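This report concerns only the one structure given below.
The chains referred to below are lettered A, B, ... by the order of the sequence lines, with proteins before strands, and numbering in each begins at 1. What you see is a predicted model; the values in this text were computed from it and never measured.
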There are 2 protein chains.
Amino acid sequence: MSRRSGILEFAVLGLLRESPMHGYELRKRLNTSLGVFRAFSYGSLYPCLKTLVQQGWLIEEPGNPPEDPLAAPLAGRRGKIVYRLTAEGKEHFEELLAQTGPDAWEDEHFGIRFAFFGQTSRDVRVRVLEGRRTRLEERLAKMRASLARTRERLDDYTLELQRHGMESVEREVRWLNELIESERAGRDRRETGEEPPSEHRSPDTGGLPRHQGETLPDPSDDTT
Amino acid sequence: MSRRSGILEFAVLGLLRESPMHGYELRKRLNTSLGVFRAFSYGSLYPCLKTLVQQGWLIEEPGNPPEDPLAAPLAGRRGKIVYRLTAEGKEHFEELLAQTGPDAWEDEHFGIRFAFFGQTSRDVRVRVLEGRRTRLEERLAKMRASLARTRERLDDYTLELQRHGMESVEREVRWLNELIESERAGRDRRETGEEPPSEHRSPDTGGLPRHQGETLPDPSDDTT
DNA sequence: TTCGTCATGTAATGGGTTACATGATTAC
DNA sequence: GTAATCATGTAACCCATTACATGACGAA
């Protein structure tokens, strides 16, 4: 039982916006491109797809995705299902993208949101990046306060844990600063939607901060 | 319904090994010392405590912890409960500490395990650190392979996400290397159990690698 | 006397995983 | 013909959270 995930929903809509796909294929992309940070199983994916169809954001079509349209209608047997984003789904995804509320700044969501940054405006990107930075700075302040308060009774390892944790968060903040600066400088990025000629990719931005090591339960099958 | 957590169980036993506590107090420590990396709520803590009692690893005592033994037996009302580690619990915790199986190297577990490193032997510490390093190196290899394979179709943001993620993991590996070296060099650390004079804390080790930013749902009350 | 904090709990829910069950298609 | 991989799904479970319910105790 999963039904309506949140971030999984977001990622599914985002991937299907590019092109229709099988659930199987979807899961593979979820666990490679995005899956460096997060892996999903069929047990959550397929139920999620069902509810997205119920919402009217996706439609199911029999057969294979555009690349190999050889598959006959195949009415009887269980058959393959291609999921395609509807107009409503597209609209809904755009709303999700534009959201800058607090969950856009949460650790679990930030990475995946970032991966779809190419589909929003620079304005939204900057707001989300700043929100995330604020979050991390608050966290840092708490960590520092807590460390200053209880230093004596902590042993070496716990202390080192804290120290390294703080250092990591600090580095993440620095990285966000670079990203924000880069966005503000207005490097040649697409404003929204479609891809640019895909030639010049400005090499000066940065990458995702989230868990350097979190999740990743061994994607196991991505050997294509 | 939670019952038997794994890592929560581990942390609870580890904290109670130091001294008996109330559930409330336990949760506070869980969310300060350790909570920089992970927060727990009562909804998981209290049920967990119950099952640990059932296992015979803890006993419940009425009253207050050692520091203020003023509380009368208070039979009737719901009353406070102090949880104390039993001999069996202590033994069980030591077994858990000595485990070097794969879950000792998982992201979710590593941070908390590390916090209790002071209670194991150097031997176990090194094995756990090396295991973690191996894990991360495998992950890194996969990330590199995947990146090399699919580079063209990824947009700037997804690419940057990958790049930054890899960089973080690489940094974590470097940190593990320092820790391992430091352990091997045999810096003046306690071998097991009790605290040393707590004066010289070798400043050359490092800190925890796990998620720089994961979890942390705003501990909200740690102002002591 | 009321507010903050200490203190213990439960029910409903969330968002996932693992293991299982099934079967089609492709490559050798 | 058989193994690998493609492909879809479900049931049982896991481990947590949130919101709720209850109440004692100290300080202003």
Side-chain angles (χ1 to χ4, degrees), chain A residues 1-12 21-28 30-31 38-51 53 60 62-65 68 70-72 74 76-83 103 106 108-109 214-224, chain B residues 1-12 21-28 30-31 38-51 53 60 62-65 68 70-72 74 76-83 103 106 108-109 214-224:
Chain A
M1 304 280 151
S2 179
R3 321 289 119 123
R4 293 239 26 195
S5 146
I7 195 60
L8 177 52
E9 171 188 316
F10 182 91
V12 164
M21 266 182 268
H22 291 144
Y24 185 88
E25 215 176 331
L26 211 50
R27 187 232 174 208
K28 207 159 70 173
L30 238 26
N31 291 220
R38 177 106 200 204
F40 294 99
S41 64
Y42 296 127
S44 49
L45 176 58
Y46 281 112
C48 173
L49 285 169
K50 290 289 170 212
T51 72
V53 168
E60 298 181 332
N64 290 315
D68 61 332
L70 358 136
L74 43 100
R77 41 233 176 96
R78 184 154 61 175
K80 302 182 183 184
I81 300 171
V82 174
Y83 292 90
D103 15 324
E106 297 286 339
E108 315 93 282
H109 296 8
E214 191 54 10
T215 321
L216 272 290
D218 218 299
S220 61
D221 52 316
D222 60 340
T223 20
T224 300
Chain B
M1 302 285 148
S2 179
R3 321 290 119 122
R4 292 242 27 195
S5 145
I7 195 59
L8 177 52
E9 171 188 316
F10 183 90
V12 164
M21 267 182 269
H22 289 144
Y24 185 88
E25 214 177 331
L26 212 51
R27 187 233 173 207
K28 207 159 69 175
L30 238 27
N31 290 222
R38 176 108 201 202
F40 294 99
S41 64
Y42 296 126
S44 49
L45 176 59
Y46 281 112
C48 173
L49 284 168
K50 290 290 172 213
T51 71
V53 168
E60 299 179 332
N64 290 314
D68 61 333
L70 355 137
L74 45 100
R77 42 233 175 99
R78 184 155 59 176
K80 303 181 181 184
I81 300 170
V82 174
Y83 292 90
D103 14 323
E106 297 287 339
E108 316 92 282
H109 297 7
E214 189 55 9
T215 321
L216 271 291
D218 217 301
S220 62
D221 52 316
D222 60 339
T223 20
T224 299

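Checking D:dT10, C:dG16, C:dT18 against the side-chain heavy atoms of A:I7 singles out C:dG16 as nearest. Nearest to the side chain of B:Y24, among C:dT8, D:dA7, D:dA16, sits C:dT8. Nearest to the side chain of B:Y42, among C:dG9, C:dG16, D:dC6, sits C:dG9. Counting only heavy atoms from C-beta on, B:P47 has its side chain closest to C:dT10 among D:dG9, C:dG9, C:dT10.
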Q. Please walk me through it: do A:V12 and A:Y83 pass side-chain contact (heavy atoms from CB on, under 4.5 Å)?
A. CA-CA 10 Å; A:V12 164; A:Y83 292 90; over 6 Å; no
Q: Take B:H22 and B:V82 through the test side-chain contact (heavy atoms from CB on, under 4.5 Å) and record every step on the way to the result.
A: CA-CA 5 Å; B:H22 289 144; B:V82 174; 3.6 Å; yes
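Contacts of B:F10 classified as ring-ring contact (aromatic ring centres under 6.0 Å, His included), with partners at least two apart in sequence or in another chain: B:F93, B:F116.
Here the C1' atom of nucleotide D:dA24 and the NE2 atom of B:H22 are 12 Å apart, to the nearest Å. Straight-line distance from the CD atom of A:E108 to the C1' atom of D:dA16: 12 Å, rounded to whole Å. A:K50 places its NZ atom 7 Å from the P atom of D:dT10, with the value rounded to the nearest Å. Taking atom CG of B:L26 as the reference point, atom P of C:dA7 lies 12 Å away to the nearest angstrom. Taking atom CG of residue B:L8 and atom P of nucleotide D:dC14, one finds them 15 Å apart after rounding to whole Å. Per the geometry, CZ belonging to B:F40 stands 11 Å off P belonging to D:dC15, to the nearest Å. Rounded to an integer number of Å, the gap from B:F10 CZ to D:dC15 C1' is 18 Å. The OH-P distance, from B:Y83 to C:dA7, rounds to 13 Å in whole Å.
Direction of the helix axis in the helix from C:dT1-D:dA28 to C:dC28-D:dG1 shifts by 20° between the two five-pair termini, rounded to 10°.
The side chain of B:K80 contributes no N or O atom lying less than 4.0 Å from OP1 or OP2 of D:dC25. In this structure, A:R38 reaches the C:dG16 phosphate: one of its side-chain N or O atoms is under 4.0 Å from OP1 or OP2. Contact check, A:S44 against C:dG15: no side-chain N or O comes under 4.0 Å of OP1 or OP2. The phosphate of C:dT17 (OP1 or OP2) has a side-chain N or O of A:S41 nearer than 4.0 angstrom. OP1 and OP2 of D:dA7 both lie 4.0 Å or more from every side-chain N or O belonging to A:K28.
Looking at B:R27, its side chain never comes within 3.5 Å of a backbone N or O of B:L45 through a donor-acceptor pair.
Listed here is the closest heavy atom pair of A:Y46 and A:Y24: OH-N, 3.4 Å. When all heavy atoms of A:P47 and A:Y42 are compared, the pair lying nearest together is CD-O, 3.5 Å.
Note on A:K50 versus A:E60: salt bridge recorded, some NZ/NE/NH1/NH2 to OD/OE distance being below 4.0 Å.
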